[in-house]
Amino acid sequence: MSEETKSLNFIEHIIEEDLANGLSKDKLRFRFPPEPNGYLHIGHTKAIGISFGLGEKYNAPVNLRFDDTNPAKEEQEYVDAIKKDVAWLGYQWENELYSSDYFQQLYDWAVQLIKDGKAYVDSQSSEAMAEQKGTPTQPGVDGPYRNRSVEENLDLFERMKNGEFEEGAHILRAKIDMQHPNMLMRDPIMYRVLKKHHHRTGNDWCIYPMYDWTHGESDYIEQVSHSLCSLEFKPHRELYNWFKEHIYNYASDMLPMLPKQREFARLNLSYTIMSKRKLLKLVEEGIVSGWDDPRMPTISGLRRRGYTPNSIRKFIEKVGVAKRENVIDVSLLEFCIREDLNKTANRVMAVLDPIKVVITNYPEDKEEWLEAENNQEDDSAGYRKVPFSREVYIERDDFKEEAGNKYFRLKLGGEVRLKNAYIIKANDVVKDQNGAILEVHCTYDEDTSKKVKGTLHWVSIKHAIIAEIREYDRLFSHESPDSDKDKDFMEFINPKSLTIKTGYLEPSLATVEVGEQFQFQRLGYFNVDDDSTPEKLVFNKTVGLRDSWAKQKPKPQNNQNQNKAKPQQQKRSAISVIQQFGKKYTNLSEEKQLKVKSEIQELAKDVSYDDLEPLFGTAVKKAGTRIAVLIALKELLKNGLERNDAINEFIEKAKADKNEVLVAEASEI
RNA sequence: UGGCCUAUGGUGUAACUGGCUAACACAUCUGUUUUUGGUACAGAAGAGUCUAGGUUCGAAACCUAGUAGGCCAACCA
């Protein structure tokens, strides 16, 4: 592998630094801590890839820990789905753990905190507490129960645990600082009364610990060295540290490692959403068929769609890790799956929008089984036979009565190759009363050695088998559906995200199994959907092939988000071209500088003083721009421009500059 | 009326931690090859690093201020 020079991301830098500062490599330990309240999506894959990737890189253990502290939302179904998805991605966890395993330890530590005066029971309504908490811009105030005695706190807390109080009657809070600028430090809640059945602890507990208290201490119990999470937890770090430093006093002999929380920017994918809550809404409202609908950005959806673990891991690798908000273009994901499938998927022929071709000089009852290569990218893939006969389907798009010479496909009087078969020539069309084409009549030529521009895929009509083909488009029409301030993401739903077609397939596909993947030649990659049966085949389109022909056609309306720079370039004024030259000027060889200089002089004829003056203020460090401006200015002066104070000042400043070229130009005046 | 974080081609990430003409990938555009308008290969265009100051022989990197964006007021995680 050529990994030696691969640059590190900021988390790897931190780890390398810790290692350099004496952290022993065998102390490295990571964790992936999902809450089992929904399915994993492509965004989680980034978190999974970071922590498990680090585990692989440093040969360190990675725990799969379910953060199951809220029995109201969490279910075993999600635990199972999450385990399945992580394993499918190809990662191995060291231990399968649950925060709920630590409930007793957490409780004991909470009691110690109470004894040390670091936690207290509050008995107000949530409204009252919210009011005392202040706002991000206003400090909070202490509540009336803040200074209860240790004995009273201990008594109440124990009775909370014993189920003596109803939900909402009391909570346990850490005693930190109600005026703290970080709202999370304003006496955060540690425990609430919740008389709910927990998927693992059953009815053992009537109180459940909150995230901040549980998560950090779970890391600490597991002796995680680096606890990696997404950016929105950055403000929690202060509290994470507060808890861990206090608990360290109680347990440092058994648990010497203090975990370090660090935060990275989560993944956003264009034209989709990542919020579990919003994805759930799509499921509940029937916009999609379920969490594993192939249009969903969930791991199960991507799997069903035909994405491979390999392609997803590659994608995560390419996306990188940093701290700024980002929106990844789906085209990168598509690139990754194409790259993978190109090497592994067998090629087959299928026609999804058929038009009938009759080969008039081919005998009516003749049929031939022709040899076809399965995958030219894989020598071990072998060959198969495909049947040919007098009547075949080709794609409706692949025929035009008349077309220009940039159209390589079949047109009247033109020749085209049928993949793996003969070269045919179109002679005639048969139409119905409305002028719609029913048949194309062709003649074939046994000589296949001829050079023809186009090659089409096809299927023999009498041998064709039928399948349902599901084609998908993006789920949302907006690049970033949940970032619009005025509109709800539901307003951007693309009503045409699913198209169902009937496909005509070569007969070798009669025996496919669920999950098998193919390239339908010239169309894209398809896999056999979970719904497929031998009686009724169902295929999903995973992704289309790159199509540089399709791109040609819609030229004028190619107004997307691409290449905003281009329109600017079309009408570039002389002054902007001069600026452009200026930017590069100091980097050019002397010879090229002369050439550019004369071009600037030429351009200067179209420049007015008003264009030039604003550039006198160009920053000192942009010497090139100032040189270009100076050259242009000299031309204007030569052509009769009167000198003024601004000009003089600019020239004097140039003479005093550090850049020799600039000084030389200025001195020539 | 506060705190914290971020800012590098269209997008995402780099830049050996202050030192060569700011690199790589995707996207875009050209060619070549091709029984897939795919793949592969070759090449092009596109950023002086948000702005303004400063420190320095030297700044994308350090400092100050500004601007823009994000996060923070759930008994959620």
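Reckoned from all heavy atoms, side chains included, excluding hydrogens, waters and symmetry mates. Here is the naming used below: chain letters follow the sequence lines, and residue numbers restart at 1 for every chain.
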query: Any salt bridge between A/Lys425 and A/Asp445, counting N to O under 4.0 Å?
result: no

query: What integer distance in Å separates A/Asn70:CG from B/A74:P?
result: 15 Å

field: Side-chain-base donor-acceptor pair under 3.5 Å for A/Gln376 and B/U39
entry: no

- prompt: Hey, is the side chain of A/Arg347 poking within less than 4.0 Å of OP1 or OP2 on B/G38, counting only N and O atoms?
  reply: no

query: Parallel, tilted or perpendicular: which describes the rings of A/Tyr422 and A/Phe388, with under 30° parallel and over 60° perpendicular?
result: perpendicular

- prompt: Among B/U36, B/A73, B/A77, which is the nearest nucleotide to the side chain of A/Asp67?
  reply: B/A77

task: For A/Asp547, answer base if it contacts any base atom (sugar-phosphate contacts may also be present), sugar-phosphate if it contacts only those atoms, and nothing otherwise; contact means non-hydrogen atoms under 4.0 Å.
output: sugar-phosphate

- request: Measure from the side-chain heavy atoms of A/Ser331 and tell me the nearest of B/A25, B/A73, B/A27.
  value: B/A27

statement: Regarding the side chain of A/Asn342, the nearest nucleotide among B/C76, B/U39, B/U36 is B/U39

message: With a 4.0 Å limit, can you tell me whether A/Lys451 has a side-chain N or O closer than that to the phosphate oxygens OP1/OP2 of B/U35?
response: yes

query: Expressed as a whole number of Å, how far does the P atom of B/U39 sit from that of B/A25?
result: 16 Å

- request: Taking atom C1' in both B/A52 and B/A40, compute the distance separating them and give it to the nearest angstrom.
  value: 49 Å

- line: Here the distance between atom P of B/G37 and atom NE2 of A/His457, to the nearest Å, is 10 Å

message: Under 4.0 Å, heavy atoms only, any strand: does A/Gln521 hit a base, just the sugar-phosphate, or nothing?
response: base

message: Base, sugar-phosphate or nothing for A/Leu332? Non-hydrogen atoms, less than 4.0 Å.
response: sugar-phosphate

query: Rounded to whole angstrom units, what separation is found between the CZ atom of A/Arg237 and the C1' atom of B/C5?
result: 10 Å

message: Closer than 4.0 angstrom, basic N to acidic O: yes or no for A/Lys323 and A/Glu263?
response: no

- prompt: Does A/His13 have a side-chain nitrogen or oxygen under 4.0 Å from the phosphate oxygens OP1 or OP2 of B/A15?
  reply: yes

field: Whole-angstrom distance between B/U11 and B/A7, as gauged at atom P
entry: 15 Å

field: Closest to side chain of A/Phe335, choosing from B/C76, B/C26, B/C4
entry: B/C26

query: Nearest nucleotide by nearest heavy atom, which residue falls closer to the 5' end of RNA chain B, A/Lys419 or A/Asn9?
result: A/Asn9

Gap in Å between the two C1' atoms, one belonging to B/C57 and one to B/G70, rounded: 39 Å

message: Distance check, C1' atoms only: B/C26 and B/A14, in whole angstrom units.
response: 15 Å

query: Taking OP1 and OP2 of B/C76, is either one under 4.0 Å from a side-chain nitrogen or oxygen of A/Arg192?
result: yes

query: Is there a side-chain polar atom (N or O) of A/Arg277 under 4.0 Å from OP1 or OP2 of B/A74?
result: no

query: Checking all strands, does A/Glu377 fall into the base, sugar-phosphate, or nothing category for heavy-atom contacts under 4.0 angstrom?
result: base

task: Answer yes or no for this row: A/Tyr211 ring on B/A77 base, centroids under 5.5 Å, planes under 30°.
output: no

message: Using O4'-C1'-N9-C4 for purines and O4'-C1'-N1-C2 for pyrimidines, with syn meaning within 90° of 0, is B/G48 syn or anti?
response: syn

task: Report the nucleotide, chosen from B/G2, B/C5, B/G37, that has the shortest atom-to-atom distance to any side-chain atom of A/Pro136.
output: B/G2

Listed nucleotide nearest any side-chain atom of A/His236, set B/C71, B/G37, B/A77: B/A77

- request: Give A/Tyr407 one of three labels, base, sugar-phosphate or nothing, depending on what nucleic acid heavy atoms sit under 4.0 Å from its own.
  value: base

- prompt: Are A/Arg266 and A/Glu232 within salt-bridge range, i.e. N to O under 4.0 Å?
  reply: yes

task: Mind telling me if B/U51 is syn or anti? Syn here is a glycosidic angle within 90° of 0.
output: anti

- request: Output the single nucleotide from B/U36, B/A14, B/U1 whose closest atom is nearest the side chain of A/Thr137.
  value: B/U1

query: Within the pair A/Arg522 and B/G37, is there a side-chain N or O less than 4.0 Å away from OP1 or OP2?
result: yes

field: Atom C1', compared across B/U34 and B/G69: separation rounded to whole Å
entry: 47 Å

query: Quick one: on RNA chain B, does A/Ile189 or A/Glu325 contact a more 5' nucleotide (nearest heavy atom)?
result: A/Glu325

message: Under 4.0 Å from OP1 or OP2 of B/G38: is there any side-chain N or O of A/Ser548 that close?
response: yes

query: With rounding to whole Å, what would you report as the distance between B/A47 and B/G10 at their P atoms?
result: 7 Å

query: Checking all strands, does A/Gln519 fall into the base, sugar-phosphate, or nothing category for heavy-atom contacts under 4.0 angstrom?
result: base

task: Indicate, with a heavy-atom threshold strictly under 4.0 Å, whether A/Ala322 touches base, sugar-phosphate, or nothing.
output: sugar-phosphate

- prompt: Do A/Phe10 and A/His13 have their ring centres less than 6.0 Å from each other?
  reply: no

- prompt: Taking the side chain of A/Phe233 as heavy atoms from C-beta outward, which of B/A77, B/C26, B/U6 is closest to it?
  reply: B/A77

- prompt: Among B/A27, B/U13, B/C71, which nucleotide sits nearest the side chain of A/Glu232?
  reply: B/C71

task: Any strand is fair game: report the nucleotide pairing with B/C62 by Watson-Crick or G-U wobble, both distances under 3.5 Å, or none.
output: B/G54

task: Describe the nucleic acid contact of A/Val327 in one word from base, sugar-phosphate, nothing, applying a heavy-atom distance below 4.0 Å.
output: sugar-phosphate

- prompt: Angle class for the A/Tyr78/A/Tyr39 ring planes (parallel below 30°, perpendicular above 60°, tilted otherwise)?
  reply: perpendicular

message: Heavy atoms only, 4.0 Å cut-off, all strands: where does A/Met129 land among base, sugar-phosphate and nothing?
response: base

query: Reckon A/Ile328 touches a base, only the sugar-phosphate, or nothing at all at heavy-atom distances under 4.0 Å?
result: sugar-phosphate

message: Distance alone, cut at 3.5 Å: any donor-acceptor contact between the side chains of A/Asp122 and A/Gln124?
response: yes

message: What is the distance, to the nearest angstrom, from the CG atom on A/Asn374 to the P atom on B/U35?
response: 19 Å

message: Rounding to an integer number of angstrom, what distance separates B/A23 and B/U32 when you compare their C1' atoms?
response: 27 Å

- prompt: Which is true for A/Glu166 with a 4.0 Å heavy-atom rule: it touches a base, it touches only sugar-phosphate, or it touches nothing?
  reply: nothing

- request: Classify the nucleic acid contact of A/Asn420 as base, sugar-phosphate or nothing, counting any heavy atom under 4.0 Å across all strands shown.
  value: base

query: How are the rings of A/His198 and A/Tyr208 set relative to one another: parallel (under 30°), tilted (30 to 60°) or perpendicular (over 60°)?
result: parallel

- request: Could you go through the side chain to side chain donor-acceptor pair (under 3.5 Å) check for A/Tyr98 and A/Asp67 one step at a time?
  value: CA-CA 6 Å; A/Tyr98 295 82; A/Asp67 241 333; over 6 Å; no

query: What is the pairing partner of B/C4, taking Watson-Crick or G-U wobble pairs with both distances under 3.5 Å in any strand?
result: B/G70

message: Does A/Arg417 reach a base, just sugar-phosphate, or nothing at all? Heavy atoms under 4.0 Å.
response: base

message: Consider side-chain contact (heavy atoms from CB on, under 4.5 Å). Of A/Ile423, A/Ile394, A/Thr455, which one does A/Leu418 pass it with?
response: A/Ile394

query: Is there a side-chain polar atom (N or O) of A/Thr69 under 4.0 Å from OP1 or OP2 of B/A77?
result: yes

